[in-house]
**Student:** 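Supplied in structure tokens, the structure appears directly below.
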Amino acid sequence: MSQTQFDAVSVVTKANVYFDGKCVSHSIVLADGTKKSVGVILPAKLTFNTGAAEIMETVAGSCRVLLKGETEWKSYGEGQCFDVPANSSFEIEVSGEAYHYICHFA
């Protein structure tokens with residue numbers, strides 16, 4: 001799943017800014033209509049709610065994640081992914097360097 005480049009995409013130029021700038025992303029749409037966002041989370045502990053199912057791909061940095069309904073935090077680093085069900089939520093904790101990600105929407 002790891003991508004270093006997306007070709008032939010449309011980019012929404014206005015950034016998605018969450019949590020007072022601690023998370024900033026840009027939405028992209030591939031030629032086949034697939035939607036993704038590419039972003040960065042600065043050191044923080046944040047809670048996100050999901051509508052659609054998501055696959056969060058770690059591009060750089062690392063994080064700890066607690067999915068809704070789970071009791072154990074899991075760690076993810078470069079090249080690793082975690083799945084978030086639709087209509088759910090997750091907590092993410094980033095410490096140290098910024099966490100760079102691609103969010104693949106289902």
Side-chain angles (χ1 to χ4, degrees):
M1 171 171 291
S2 182
Q3 299 260 220
T4 58
Q5 178 176 316
F6 292 105
D7 296 319
V9 301
S10 296
V11 176
V12 177
T13 57
K14 183 174 181 182
N16 306 304
V17 180
Y18 305 100
F19 303 103
D20 297 321
K22 291 180 178 75
C23 177
V24 179
S25 68
H26 284 275
S27 299
I28 63 173
V29 181
L30 281 68
D32 67 1
T34 303
K35 296 179 182 178
K36 302 182 183 296
S37 66
V38 177
V40 64
I41 299 175
L42 300 177
K45 186 175 180 182
L46 309 172
T47 301
F48 288 90
N49 295 305
T50 63
E54 301 177 358
I55 299 171
M56 292 288 289
E57 177 186 348
T58 306
V59 175
S62 63
C63 67
R64 290 183 346 120
V65 173
L66 181 64
L67 296 173
K68 181 179 180 178
E70 295 190 3
T71 57
E72 186 176 322
W73 287 82
K74 296 180 182 167
S75 296
Y76 298 91
E78 186 174 335
Q80 295 181 309
C81 300
F82 61 93
D83 296 339
V84 184
N87 302 310
S88 187
S89 64
F90 66 98
E91 291 182 61
I92 185 166
E93 183 176 43
V94 175
S95 56
E97 63 182 291
Y99 172 74
H100 300 252
Y101 67 89
I102 301 169
C103 180
H104 305 268
F105 296 100

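It should be emphasised that the depicted structure is a prediction, and the values quoted were computed from it without experimental measurement.
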**Student:** Roughly how far apart are Glu54 CD and Ser88 OG, rounded to 0.5 Å?
**Tutor:** 9.5 Å
**Student:** Does one hydrophobic cluster hold both Tyr18 and Val65, with members joined at side-chain heavy-atom distances below 4.5 Å?
**Tutor:** yes
**Student:** So do the side chains of Lys36 and Leu30 get within less than 4.5 Å of each other, counting heavy atoms only?
**Tutor:** yes
**Student:** Side chain to side chain contact (heavy atoms under 4.5 Å, CB included) for Ile55 and Phe105? Distances and angles first, verdict last.
**Tutor:** CA-CA 7 Å; Ile55 299 171; Phe105 296 100; over 6 Å; no
**Student:** Name the one of Val40, Ile41, Ile92 that satisfies side-chain contact (heavy atoms from CB on, under 4.5 Å) with Tyr101?
**Tutor:** Ile41
**Student:** Do you know the tightest heavy-atom contact between Ile28 and Phe6?
**Tutor:** CD1-CD1, 3.7 Å
**Student:** Side chains of His104 and Glu57 only: does a donor on one sit below 3.5 Å from an acceptor on the other?
**Tutor:** yes
**Student:** Evaluate side chain to side chain contact (heavy atoms under 4.5 Å, CB included) for Val59 paired with Glu78, printing each intermediate quantity in order.
**Tutor:** CA-CA 5 Å; Val59 175; Glu78 186 174 335; over 6 Å; no
**Student:** Closer than 3.5 angstrom, by distance alone: can the side chain of Ser75 be matched with the main-chain N or O of Arg64 as a donor-acceptor pair?
**Tutor:** no
**Student:** Would you call the rings of Tyr76 and Phe82 parallel, tilted or perpendicular if under 30° counts as parallel and over 60° as perpendicular?
**Tutor:** tilted
**Student:** Taking all non-hydrogen atoms of both residues, which atom of Ala106 and which atom of Ala52 are closest, and how far apart?
**Tutor:** O-CB, 4.1 Å
**Student:** Could you give me the CA-CA distance, side-chain angles and deciding distance for Lys22 and Leu46, then say whether side chain to side chain contact (heavy atoms under 4.5 Å, CB included) is met?
**Tutor:** CA-CA 9 Å; Lys22 291 180 178 75; Leu46 309 172; 4.3 Å; yes
**Student:** Under a single-linkage definition using a 4.5 Å side-chain heavy-atom cutoff for Ile, Leu, Val, Met, Phe, Trp and Tyr, are Val94 and Val84 assigned to the same hydrophobic cluster?
**Tutor:** yes
**Student:** Between the main-chain N or O of Pro85 and the side-chain N or O of Thr50, is there a donor-acceptor pair closer than 3.5 Å?
**Tutor:** yes
**Student:** Using 0.5 Å steps for rounding, measure from the SG atom of Cys81 to the CD1 atom of Ile102.
**Tutor:** 8.5 Å
**Student:** If I compare all heavy atoms of Tyr99 with all of Cys63, which pair ends up nearest, and what's the gap?
**Tutor:** CE1-SG, 3.6 Å
**Student:** Do Val24 and Val38 sit in one hydrophobic cluster, given that two such residues count as connected whenever their side-chain heavy atoms are within less than 4.5 Å of each other, even indirectly?
**Tutor:** no
**Student:** Write down the atom of Gly96, the atom of Pro43, and the distance for their closest heavy-atom approach.
**Tutor:** O-CG, 2.9 Å
**Student:** Looking at Cys23 and Phe48, what are the two nearest heavy atoms and their distance?
**Tutor:** SG-CZ, 3.8 Å
**Student:** Side-chain heavy atoms under 4.5 angstrom apart, residues restricted to Ile, Leu, Val, Met, Phe, Trp, Tyr: same cluster for Leu42 and Val17?
**Tutor:** no
**Student:** Test of understanding: with side-chain hydrogen bond (donor to acceptor under 3.5 Å, both in side chains), list the residues that count as partners of Thr34, not counting sequence neighbours.
**Tutor:** Asp32
**Student:** If only atom types and distance count, is the side chain of His26 paired as donor or acceptor with the main-chain N or O of Asn16 below 3.5 Å?
**Tutor:** no
**Student:** Using a 3.5 Å distance criterion without hydrogens, assess whether the side chain of Glu70 forms a donor-acceptor pair with backbone atoms of Leu67.
**Tutor:** no
**Student:** To the nearest 0.5 Å, what is the distance between CD on Gln80 and OG on Ser62?
**Tutor:** 9.5 Å
**Student:** Evaluate the side chain to side chain contact (heavy atoms under 4.5 Å, CB included) criterion for residues Phe90 and Thr47: first the C-alpha distance (whole Å), next the side-chain angles of each, then the deciding distance (0.1 Å), finally the verdict.
**Tutor:** CA-CA 6 Å; Phe90 66 98; Thr47 301; over 6 Å; no
**Student:** Quick test of your reading of the model: are Lys45 and Glu93 salt-bridged, counting only N-O distances below 4.0 Å?
**Tutor:** no
